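Lettering follows sequence order; numbering is per chain, from 1. Keep in mind that what you see is a predicted model, and the values were worked out from it rather than measured.
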Amino acid sequence: MPRQVVTRFAPSPTGMLHIGGVRTALFCWLYARKHGGRFILRVEDTDLDRSTDDNIRIIEDGMAWCGLDWDEGPVASEPLKWVGSNGPYRQMQRMESNYKPVVEKLINEGLAYRCRCTKEDLEVRRKIADDKGIPFQYNRGQDADKGCRDKNHDASRPFSVRLKMPSGNEPWLENGCIVLNDRVKGRIDFPAATLDDWVLVRTGDVDQIGVPTYNFCVVIDDTSMEVTHVIRGDDHVSNTPKQIALYRVLGFEPPVFAHVPMILGKDGAKLSKRHGATSITEYQALGLLPSSIRLALARLSWTPKVDGRALESAEEEILTDAQMIELFDLGDIQKSPARFDMDKLNWINQKLIQRSTWQELEPHLRPFMPDAWDTKSEEWKKVAVTATQKGKSLVEMANSLTFCWSAPTEFESADKFITPTVNPALREIAALSNYEHGPLRAAFDEILERQGLKTKDLAQALRVALCGKPISPGIFDTLYLLGVEEARSRLKKWL
RNA sequence: GGGGCUAUCGUCUAGGGGUUAGGACACCGCCCUUUCACGGCGGCAACACGGGUUCAAAUCCCGUUAGCCCUACCA
């Protein structure tokens with residue numbers, strides 16, 4: 001029986017939740033959901049200097065907002081709690097239980113060794129190689145016999161732990177290469193001779209094991225958490241052969257690897273601050289729906305195929321979560337990096353806003369509204385939402401409703417639209433006492449007829465008088481949203 | 001320096017020996033219209049470069065160039 005699919009997203013809590021990380025998490029999530037598997041959130045906090053609890057919370061909140069729910073992992077805002085049977089899910093809480101025993105085993109079995117080279121010593125040796133223009137490899141090439149692999153240097157010094165990398169004739173090597181069969185990149189061969197004995201565990205106190213490194217922890221954690229598919233950014237491709245070596249030495253079967261390309265900024269450089277928003281919370285503030293983020297991010301580097309065919313119309317581009325899950329396939333992921341396109345995100349957002357019901361939109365729109373929003377009736381909210389549902393973002397929707405909350409003090413193009421000819425019509429509008437759509441429309445038409453005006457003439461005059469500018473939602477909605485009393489009082493100034 | 005990855009419109013991409021190189025976003029134009037939008041229709045626009053292989057190359061092979069990743073006791 002094949003094992004249940006298990007994927008994981010393993011960010012390090014050293015700052016905000018990056019949009020690139022969210023995309024990787026999204027792929028993991030999609031894959032797990034598609035195969036009825038489990039999705040794990042694991043916090044890689046072995047960088048003691050930069051990892052904080054606040055940052056862990058930012059990750060949890062960001063993931064939750066994005067709708068990427070995890071089946072195993074930390075419980076939001078509860079540092080000591082987790083869900084799942086293979087926890088803890090914060091690496092620093094796994095030291096004693098998971099890492100230490102493996103390190104000891106590796107040393108005892110002669111698969112890894114204590115390295116007592118000092119940082120300064122290493123720097124000198126590295127420089128010697130650099131100066132000759134040859135790559136520095138610990139205990140290899142230029143550096144052969146200088147390392148601690150076969151010697152035991154001063155035992156009173158603190159030590160790090162290094163892995164003995166393959167010598168070249170291990171059975172799991174092919175032609176001296178460590179082979180990675182990547183689900184998105186294809187087969188990649190890494191000559192084992194180009195790798196050296198890397199550090200598994202940082203230098204600790206004398207006689208003490210220090211904090212293990214990322215490359216060590218991932219292997220241990222992915223194994224003990226039963227991760228079957230490691231889906232991560234392709235910046236890890238070059239780390240993979242080191243990890244594979246550790247899996248082999250430990251006698252573990254490596255998981256399936258899928259390295260997904262990175263997301264670049266508009267100019268093709270790594271997505272960073274200067275390209276605008278990189279943190280997920282910034283996108284939230286921009287008025288984007290989480291579903292838009294999911295779709296836009298998924299569609300970068302991924303081309304869904306229906307019966308072997310790519311999407312062929314704008315209509316098909318707008319996929320629901322259910323469709324994405326159904327269609328998701330690692331084999332349809334691009335090998336090359338994609339540039340992030342805000343225009344496309346906005347377009348997707350607009351489409352998704354259009355397709356939502358007003359009830360679906362309301363909770364997302366609410367944070368962008370003043371407190372007065374909550375005092376309004378359901379019917380009023382419904383009209384407000386549907387009247388502005390053509391907007392590109394929630395912010396845009398909120399902006400087009402600002403006239404509801406305060407009377408204008410400036411009037412744009414008043415001379416042009418509020419003319420003596422429309423004035424009598426304005427007076428008639430002010431006299432109306434029912435702004436329900438049907439009656440209002442009927443009354444409006446009668447006024448137009450009576451005053452010999454076109455819809456445009458009256459509508460624009462009203463917009464300027466009521467909203468201060470010739471732009472607003474449909475004129476009947478505008479009047480309804482304002483209400484009879486408020487509209488009348490705003491009109492008074494012009495009569 | 002070494003090892004690795006990548007390369008089709010401005011962007012996301014389809015296509016993987018013979019196509020008018022297809023779609024989407026953006027942009028431009030027209031139409032619709034009570035404003036702004038929405039919507040509809042149309043247009044502009046691409047195979048990085050050089051060699052091979054082949055009757056035929058965007059597609060296969062080899063180089064070159066460019067970008068990126070690893071080469072950390074960061075992740």
Sugar-phosphate only, base, or nothing, as touched by Ser313(A) at under 4.0 Å among non-hydrogen atoms: sugar-phosphate
Earlier contact from the 5' end, RNA chain B, for Val211(A) and Thr455(A): Thr455(A)
P-based separation of A72(B) from G2(B) [nearest Å]: 16 Å
Atom pair CE/CD1 of Met225(A) and Ile220(A) - distance to nearest 0.5 Å: 11.0 Å
Along RNA chain B, first and last positions that approach a heavy atom of chain A under 4.0 Å: G1(B) to A75(B)
Watson-Crick or G-U counterpart of G39(B), or none if no pair lies under 3.5 Å: C31(B)
P-based separation of G29(B) from A48(B) [nearest Å]: 31 Å
5′-ward residue of the pair Lys456(A)/Ser336(A) relative to RNA chain B: Ser336(A)
Exercise answer: donor-acceptor pairs, residues 328-340 of chain A side-chain atoms, under 3.5 Å, sequence neighbours excluded:
from      : atom 1 : to        : atom 2 : distance (Å)
Asp329(A) : OD1    : Gly331(A) : N      : 2.9
Arg339(A) : NH1    : Lys266(A) : O      : 3.2

ring-ring contact (aromatic ring centres under 6.0 Å, His included) assessment of His236(A) paired with Tyr214(A): CA-CA 11 Å; His236(A) 285 296; Tyr214(A) 159 78; 5.1 Å; yes
Separation between the C1' atoms of G16(B) and G10(B), rounded to whole Å: 25 Å
Pair assignment for C5(B), Watson-Crick or G-U wobble, requiring both distances under 3.5 Å: G67(B)
Watson-Crick or G-U wobble mate for U11(B), both contacts under 3.5 Å: A24(B)
Sugar-phosphate only, base, or nothing, as touched by Thr46(A) at under 4.0 Å among non-hydrogen atoms: sugar-phosphate
Interatomic distance at C1', U20(B) relative to A46(B), whole Å: 15 Å
Nearest heavy-atom neighbours spanning Asn349(A) and Leu289(A): ND2-N, 2.9 Å
Span that lies between the C1' atom of U54(B) and that of G18(B), in whole angstrom: 12 Å
N-glycosidic conformation, C38(B) - syn within 90 degrees of 0, else anti: syn
Residue list, salt bridge (charged side-chain N to carboxylate O under 4.0 Å, His left out) with Arg149(A), at least two apart or on another chain: Asp197(A)
Tyr113(A) six-ring centre to Arg162(A) NZ/CZ under 6.0 Å and within 45° of normal: no
Value rounded to 0.5 Å, distance of CZ in Phe190(A) from CD in Glu174(A): 13.0 Å
U13(B) and G52(B), which share atom name C1', separated by this distance in whole Å: 29 Å
Touch class at under 4.0 angstrom, heavy-atom based, for Lys266(A) against every strand present: nothing
C44(B) versus U33(B) - spacing of their P atoms, nearest Å: 28 Å
Touch class at under 4.0 angstrom, heavy-atom based, for Ser160(A) against every strand present: base
Ring geometry between Tyr138(A) and Phe136(A) (parallel below 30°, tilted from 30 to 60°, perpendicular above 60°): perpendicular
Strand partner of U59(B), provided both Watson-Crick or wobble distances fall under 3.5 Å: none
Sugar-phosphate, base or nothing in reach of Phe340(A), heavy atoms under 4.0 Å: nothing
C1'-based separation of G50(B) from A66(B) [nearest Å]: 15 Å
